Amino acid sequence: MDSGFDSLGDFFPIIIIGIIIIAIVILLTFIPVALWISALAAGVRVSIFTLVGMRLRRVVPNRVINPLIKAHKAGVDVNINQLESHYLAGGNVDRVVNALIAAQRANIELSFERAAAIDLAGRDVLQAVQMSVNPKVIETPFIAGIAMDGIEVKAKARITVRANIDRLVGGAGEETVIARVGEGVVSTIGSSDSHKKVLENPDSISHNVLNRGLDAGTAFEILSIDIADVDIGKNIGAILQTDQAEADKNIAQAKAEERRAMAVAQEQEMVARVEEMRAKVVEAEADVPLALAEALRSGNMGVMDYMNYKNINADTDMRDSIGKISDDDSDEK
């Protein structure tokens, strides 16, 4: 028994050392001591308890401390509470600090609250600051307009814009600027008497569009609008006249076909009426023998009268036959 306790007593210091090492590893994992030392070396005073509190609040300490060190070295006045609250709100702390440093170097007035609001609005605040220093060129696609003489003119514009930091939150984007410039180009081309004037003086388009204040309500300030290319498109006026002539021809043909159909219908109606009248004549002729028989039976007509009637009919038939023969001979001659 004594030997067993003696052997256990031999391993006891090793077990204690192992527990201490595990505790130290867990402590170093939970508390970023290296980050704390880096902050102290950079002159940023951060307590260990603050870093522990970040861990408890599920904040990655280096996402806040490293930007804080960067801001302190650059002379930007921000505190750890501002950065941590922005991180908890879902913002990009590093990008906001970089934007503040860039704005300070460029003498652009930008507060932390404004930069954080721009970042939380979904815009790249660092890119906005860079665009305030270095303007951006937006190139539009070919914009087609039709002059008063019916010729289509296509123009491509280059828009030089600078970010307006005060209007980044709630301001319209590049698509709105391109749409407004396109509307102005189409309107200017459409008000020209001839496409030749547009080709001779394309800068009139840029002057007219630039004077309209198209950057109102947008996140940009338009510095210049330059016409990069002008091209001639289709003769829309001639195409429209051709289409109109084709449509008029089709309408005239339809009306003519309608009149022809009405004439054919009227002709068939007249043929039917002629046949109807012939039927009535045949019906009336069928009543003649009956009337003669009735006259003979009643004594209103004698035998001699009937014979005279037959002779007259025979003479009439003979004259008709002679007349037909004479007409045939004259046609042959």
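Values in this document were obtained by computation on a predicted structure and should not be read as measured data.
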Problem - Lys154 side chain near Asp229 side chain, heavy-atom distance below 4.5 Å - result: no
Handout entry: Hphob cluster co-occupancy, Leu126 + Leu120, side-chain heavy atoms under 4.5 angstrom
Key = no
Handout entry: Other residues, nucleotides, ligands: >12 heavy atoms within 6.0 Å of Glu283 CD
Key = no
Exercise for the section: Please examine the side chains of Val186 and Ile189, heavy atoms only from C-beta on, and report whether any two atoms are closer than 4.5 Å. Expected result: no
Exercise for the section: Please name the pair of heavy atoms, one in Val59 and one in Glu84, separated by the smallest distance, quoted to 0.1 Å. Expected result: CG2-OE2, 3.9 Å
Handout entry: From CG (Asp166) to CD (Glu221), nearest 0.5 Å
Key = 10.5 Å
Completion exercise
In short, Met131 meets Val161 closest at the heavy-atom pair CE-CG2, 4.1 Å
Problem - Single-linkage hydrophobic cluster, 4.5 Å side-chain cutoff, Phe142 and Ile151 together - result: no
Exercise for the section: Kindly indicate whether the side chain of Asn164, heavy atoms from C-beta on, has any atom under 4.5 Å from the side chain of Phe220. Expected result: no
Handout entry: Donor-acceptor under 3.5 Å (Ser191 side chain, Ser187 main chain)
Key = yes
Handout entry: Charged N-O contact under 4.0 Å between Glu174 and Lys136
Key = yes
Fill in the blank from the handout: Here the gap from Thr50 atom OG1 to Ile80 atom CD1, rounded to the nearest 0.5 Å, amounts to 5.5 Å
Problem - Salt-bridge present (Glu246, Lys249; N to O < 4.0 Å) - result: yes
Exercise for the section: Following the transitive rule for hydrophobic clusters with a side-chain heavy-atom cut-off under 4.5 Å over Ile, Leu, Val, Met, Phe, Trp and Tyr, establish whether Leu40 and Leu68 coincide in one cluster. Expected result: yes
Practice task
Examine distances only and state if a side-chain atom of Arg180 and a backbone atom of Ala216 form a donor-acceptor pair shorter than 3.5 Å.
Solution key: yes
Exercise for the section: Give the minimum heavy-atom separation between Ala39 and Ile69, together with the two atoms involved. Expected result: CA-CD1, 3.9 Å
Completion exercise
In terms of heavy-atom contacts, Gln82 and Asp77 come closest through OE1-O, 4.4 Å
Problem - Ion pair check, Lys197 and Asp193, cut-off under 4.0 Å - result: yes
Practice task
Run the salt-bridge test on Arg260 and Glu257 with the 4.0 Å N-O cut-off and return the result as yes or no.
Solution key: yes
Exercise for the section: Indicate the atoms forming the closest heavy-atom contact of Ala71 with Val78, along with that distance. Expected result: CB-CG2, 3.5 Å
Problem - Audit row: Met54, Ile65, side chain to side chain contact (heavy atoms under 4.5 Å, CB included) steps and yes/no - result: CA-CA 10 Å; Met54 288 184 183; Ile65 300 302; 4.0 Å; yes
Problem - Side-chain (Ser192) to main-chain (His195) donor-acceptor, under 3.5 angstrom - result: no
Handout entry: Atom pair CG/CG of Leu240 and Asn235 - distance to nearest 0.5 Å
Key = 9.0 Å
Practice task
Check whether any side-chain heavy atom of Asp226 lies under 4.5 Å from a side-chain heavy atom of Lys156, and answer yes or no.
Solution key: no
Practice task
Output yes when a side-chain donor or acceptor of Asn208 lies under 3.5 Å from a complementary backbone atom of Ser204, and no otherwise.
Solution key: no
Practice task
Work out which heavy atom in Ala157 is nearest to a heavy atom in Ile225; give both atom names and the distance.
Solution key: CB-CG2, 4.3 Å
Exercise for the section: State the CD1-NE2 distance between Ile227 and His207, to the nearest 0.5 angstrom. Expected result: 10.0 Å
Exercise for the section: Please determine if Glu109 and Arg114 form a salt bridge, counting it only when a charged side-chain N lies under 4.0 Å from a carboxylate O. Expected result: no
Handout entry: Joint cluster assignment, Met277 & Val274, ILVMFWY side-chain distance < 4.5 Å
Key = no
Handout entry: Step-by-step side chain to side chain contact (heavy atoms under 4.5 Å, CB included) determination, Leu83 to Asn79
Key = CA-CA 7 Å; Leu83 299 182; Asn79 56 59; over 6 Å; no
Problem - Connected via hydrophobic side-chain network under 4.5 Å: Val46 and Ile37 - result: yes
Practice task
For Gln253, look at atom CD and say whether over 12 heavy atoms of other residues, nucleotides or ligands are found less than 6.0 Å away.
Solution key: yes
Handout entry: Non-hydrogen side-chain atoms of Thr188 and Val209 separated by less than 4.5 Å
Key = yes
Handout entry: Backbone N/O of Ala163 and side chain of Ser132: donor-acceptor pair under 3.5 Å
Key = yes
Completion exercise
Tested for side chain to side chain contact (heavy atoms under 4.5 Å, CB included) against Val137, the lone hit among Leu223, Ile159, Thr160 is Thr160
Problem - Minimum side-chain heavy-atom gap Arg95-Val125 below 4.5 Å - result: yes
Practice task
Would you mind checking if Lys234 and Glu152 are paired as a salt bridge, meaning a charged N to carboxylate O distance below 4.0 Å?
Solution key: no
Handout entry: Test item: side-chain donor near acceptor, Asp119 and His86, under 3.5 Å
Key = yes
Exercise for the section: Give a yes or no on whether a salt bridge exists between Lys255 and Glu258, defined as a side-chain N under 4.0 angstrom from a carboxylate O. Expected result: no
Handout entry: Glu139 backbone acceptor or donor facing Arg158 side chain under 3.5 Å
Key = no
Handout entry: Heavy-atom side-chain contact between Val177 and Leu214 under 4.5 Å
Key = no
Practice task
Using a 4.5 Å cut-off on heavy atoms from C-beta on, say whether the side chain of Val153 contacts that of Ile232.
Solution key: yes
Practice task
Evaluate whether atom CZ of Arg63 has more than 12 neighbouring non-hydrogen atoms of other residues, nucleotides or ligands under 6.0 angstrom away.
Solution key: no
Exercise for the section: Could you go through the side chain to side chain contact (heavy atoms under 4.5 Å, CB included) check for Val76 and Lys70 one step at a time? Expected result: CA-CA 9 Å; Val76 177; Lys70 188 189 304 182; over 6 Å; no
Practice task
Verify, without hydrogens or angle tests, whether Ser85 (side chain) and Asn81 (backbone) share a donor-acceptor contact under 3.5 angstrom.
Solution key: yes
